[in-house]
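Order of listing sets the numbers, starting from 1, for every ligand and every atom in it.
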Amino acid sequence: MRTHVITLGCQMNEYDTLTIRSELVAGGHDLVDHPSDAELILLNTCAVRGKPVEKVVSLLGGLRRERRAGRDVAIGLMGCLAQLDEGRDLADKFGVDLLVGPGAITEIVPAIEALERGRESRRRRARVDRLAFRADLVDHLTPPPPRGTLTAYLTIMRGCDHHCTYCIVPQTRGPEVSRPLAAIVHEAEAMRAQGVEEVFLLGQNVNSYGRDDASLPSFAGLLRTVAEIGFPRVKFTTSHPMNFTSDVIDAIAGTPNVCDYVHLPVQSGSDRVLRRMAREYRRERYLEIVRELRVKVPDVVLSTDIIVGFPGETEEDFAQTLSLYDEARFDAAYMFAYSARPGTPAHARFADQPREVKSERLGRLVERQKHWSLEGNRRFEGREVRVLVKEIGRDGAHAVGHSDQHHTVLVPAAQVRRMGLHAVRVEHATPHALYGSVVGATSVGVALPLAS
Ligand code: SAM
Ligand code: SF4
C-alpha cells in the first residue's frame, strides 16, 4: 500500500516512525512523500497536551472531507493517542481504519496487510492496541538509517514508572522496560558503520536504564559502552532528576565523546507544586545536581522542561520557579502552560487555572528564559566549538548545525562544502543561536548538495 506517515510529538515518536518506515519498506510497501499520493495515511500522534490532540482532530477532519468528496484513502492512528479512550472515540467518529498503540508498532505491517485484504469490504477496522507486544518490541531491531545520515536516534528503554499527576505517558506507553544491551549495541554499531556521527539515546527517563533488570549495566555503564563504539558524539534525552546520580555526571565528565549537554526537566521551582505533581525530588536536590554538573562539567549546557499554571500554583509558587531560574541559569527551556489531560490524576483531582493566569505567567517565564539563554550563549562568544553541520537554512545564506553542547549554530553557507563536523569560531550569540565562521572541517562528512 502506498503509505504516507505524519509524525507529531516527541523524539520517541520520530524513532517509532523510523521503525515503521523500515518495516513497511521491508514488507514491500511504498512510502510516499506527499499525502495526496497515498492510499494509507498513518498519523503518529502525541497526547501529552491538548494542542497536539487538536492537531490530530484537524487532520482527521480534513481527511474525512476528502473522503466525502470521493477520495479512497485509508487512515491509521498510532502513537500515544491511539492507546487512549480519547483516541478510540476519535477513531469511531472519523472512520479510522487502523488503531495501533505505541506498544504494538511492530504489528503494523501485518495489520496493514489485513486491511488491504479486506479492502472491498472497507472500514473493517484492524485494532492492535494493547501493550502485550512490549517484550517483542524491546528486542526488536530497527534497521540502520540510510548512508549519509549524520544524526540518529536510538531507543534504550520504553515506558515510564513515574506517576506525575499531570502526565498521560505512563498510561500510553506502559511501565519502564530497558532494552537488552545486545540490541542497543547491535543497532549502535550498525549506525556507526553507516557513517552516523551523532547518536541520541532516547527514553522517557534514560538514567533509569537497567533498574528493571539486574543483568544490565547502569545508565553510566551504558553511556561508556556506547561511547566506545566510536561515535564522535553521544547525546541522550530525557533525564529525570530522581536517578541523576553522581556516576552519570562522572561518565559525562570522564568520557570525551559523551557530550556536555543535559536536558533535565524540573517542572516547577516550588516544593509545594512539585509535591502536588508527585515529582519525587525537591527544589534543593535539583539545584544540588545542577551545582555538581557545573563543577564537574564546566562547559555543560543545561536545558529543562517547565509547566506553569499547574492547578493550585500561586503567585508565590511561581516566584519560586523564577528564583530557581536565577539559580540554575538554564541555557534553554521548553516551557508549557499546564494542559489538563483527561485520565490523569491532576485532571480528576484538581481544578484548572484560568487560561489568562497561565498565559501571563508563561509570558514572564519566556522573558526570563531569554535573558538566561543569551547569558549562556554569550559564554561561547570568541570560542571555537565543534559543529555538526546538517543542512542549508531556509534563508539559503546560512548552513545550520548543532554544537557538541547542542546549541543551534549558523555559519555562512559559502564556507561549507560538505555536511559533517566542522570547527567553528563563534562570533555572535543570540538567545536562540550562535553565529560564527568555519575554521576547519573535522570529519570527512557528506557532500552538501546546495553549496558550490
Ligand atoms: N519523561 C520526561 C520527564 O519526566 O521529564 C518528559 C516526558 S513528557 C512527554 C515531556 C514534557 O511535557 C514534560 O517534561 C512536561 O513538562 C510536559 N508535560 C507533560 N504533561 C503535561 C501537561 N499535562 N501539561 C503541560 N505540559 C505537560
Ligand atoms: Fe510523564 Fe513524569 Fe513519566 Fe516524565 S516522568 S513521562 S513527566 S510521568
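Shortest contact from atom 10 (C) of ligand 1 to any protein heavy atom: D305 OD2, 3.8 Å. Here the heavy atom of the protein found nearest to atom 5 (O) of ligand 1 is P265 CG, 2.9 Å. Shortest contact from atom 9 (C) of ligand 1 to any protein heavy atom: V48 CG2, 3.6 Å. Nearest protein heavy-atom contact of atom 1 (Fe) of ligand 2 is C167 SG, 2.3 Å. Closest protein heavy atom to atom 7 (S) of ligand 2: Y166 OH, 3.3 Å. Among all non-hydrogen protein atoms, the one lying nearest atom 22 (C) of ligand 1 is S339 O, 3.6 Å.
Atoms of ligand 1 lying under 4.0 Å from any heavy atom of R49, numbered from 1 in the order shown and given with element: 12 (O), 17 (C), 18 (N), 24 (N), 25 (C), 26 (N), 27 (C). The atoms of ligand 1 that sit less than 4.0 Å from any heavy atom of R341 are 23 (N). Each of the following atoms of ligand 2 lies closer than 4.0 Å to a heavy atom of V169: 6 (S). Listed by number with element, the atoms of ligand 2 under 4.0 angstrom from any heavy atom of Q204 are 6 (S). For ligand 1, the atoms sitting less than 4.0 Å from at least one non-hydrogen atom of N205 are 1 (N), 4 (O), numbered in the order shown with element in parentheses. Using a 4.0 Å cut-off to heavy atoms of P170, the atoms of ligand 2 that qualify are 8 (S). Short contacts between ligand 2 and R279, defined as distances under 4.0 Å to a heavy atom of the residue, involve ligand atoms 2 (Fe), 5 (S), 7 (S). Of all atoms in ligand 1, numbered sequentially from 1 with element shown, those under 4.0 Å from a heavy atom of Q267 are 5 (O), 13 (C), 14 (O), 15 (C), 16 (O). The atoms of ligand 1 that sit less than 4.0 Å from any heavy atom of V169 are 9 (C).
Residue contacts with ligand 1 for Y166 involve both N, CA, C or O and side-chain atoms from C-beta outward (heavy atoms, distance under 4.0 Å). The proximity of P265 to ligand 2, defined as any non-hydrogen pair under 4.0 Å, does not occur for either the backbone or the side chain. Residue N205 touches ligand 2 through its side chain alone, judged by heavy-atom distances below 4.0 Å.
Checking only distances, T238 never comes within under 3.5 Å of ligand 1, N or O to N or O. Ligand 1 has no nitrogen or oxygen under 3.5 angstrom from a nitrogen or oxygen of S239. On a distance-only criterion, Y338 and ligand 1 share no N/O pair closer than 3.5 Å.
Donor-acceptor pairing under 3.5 Å is recorded for the side chains of H263 and D305.
Heavy atoms of A337 approach ligand 1 to within less than 4.0 angstrom.
Between K390 and E198 there is a salt bridge, with a side-chain nitrogen of the basic residue lying less than 4.0 Å from a carboxylate oxygen of the acidic one. Note on K370 versus E367: salt bridge recorded, some NZ/NE/NH1/NH2 to OD/OE distance being below 4.0 Å.
Using a 4.5 Å heavy-atom threshold, the side chains of L223 and T255 count as separate. Residues Q194 and T149 are not in side-chain contact: their nearest non-hydrogen atoms beyond the backbone lie 4.5 Å or more apart. Two residues are said to be in side-chain contact when any heavy atoms from C-beta on lie closer than 4.5 Å; D326 and W372 meet this criterion.
The line from CD of Q405 to CZ of R233 is 8.0 Å long, rounded to the nearest 0.5 Å. Within the model, atoms CG of D299 and SG of C259 stand 11.5 Å from one another, a figure rounded to the nearest 0.5 Å. Note that CZ of F244 and CD1 of I252 are 4.0 Å apart. Values are rounded to the nearest 0.5 Å. Distance CG/D271 to CZ/R279: 13.0 Å, rounded to 0.5 Å. Atom CG of L264 sits about 7.5 Å away from atom OH of Y281, to the nearest 0.5 Å.
The only option from R379, H407, Q369 that meets the side chain to side chain donor-acceptor pair (under 3.5 Å) definition with D331 turns out to be R379.
Of the options R279, M335, Q204, the smallest heavy-atom separation from atom 4 (O) of ligand 1 is shown by R279.
Metal site remark for atom 3 (Fe) of ligand 2: C160 contributes an N, O or S atom at a distance under 2.8 Å. Residue side and main chain included, C164 places an N/O/S atom under 2.8 Å of atom 2 (Fe) of ligand 2.
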Could you walk me through whether F380 and V385 satisfy the side-chain contact (heavy atoms from CB on, under 4.5 Å) test, starting with their C-alpha distance in whole Å, then the side-chain angles of each, then the deciding distance to 0.1 Å, before giving a yes or no?
CA-CA 8 Å; F380 289 84; V385 293; 3.8 Å; yes

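Within a 6.0 Å radius of CZ in R21, no more than 12 heavy atoms belonging to other residues, nucleotides or ligands are found. Crowding of K296 atom NZ: a count of heavy atoms from other residues, nucleotides or ligands under 6.0 Å exceeding 12.
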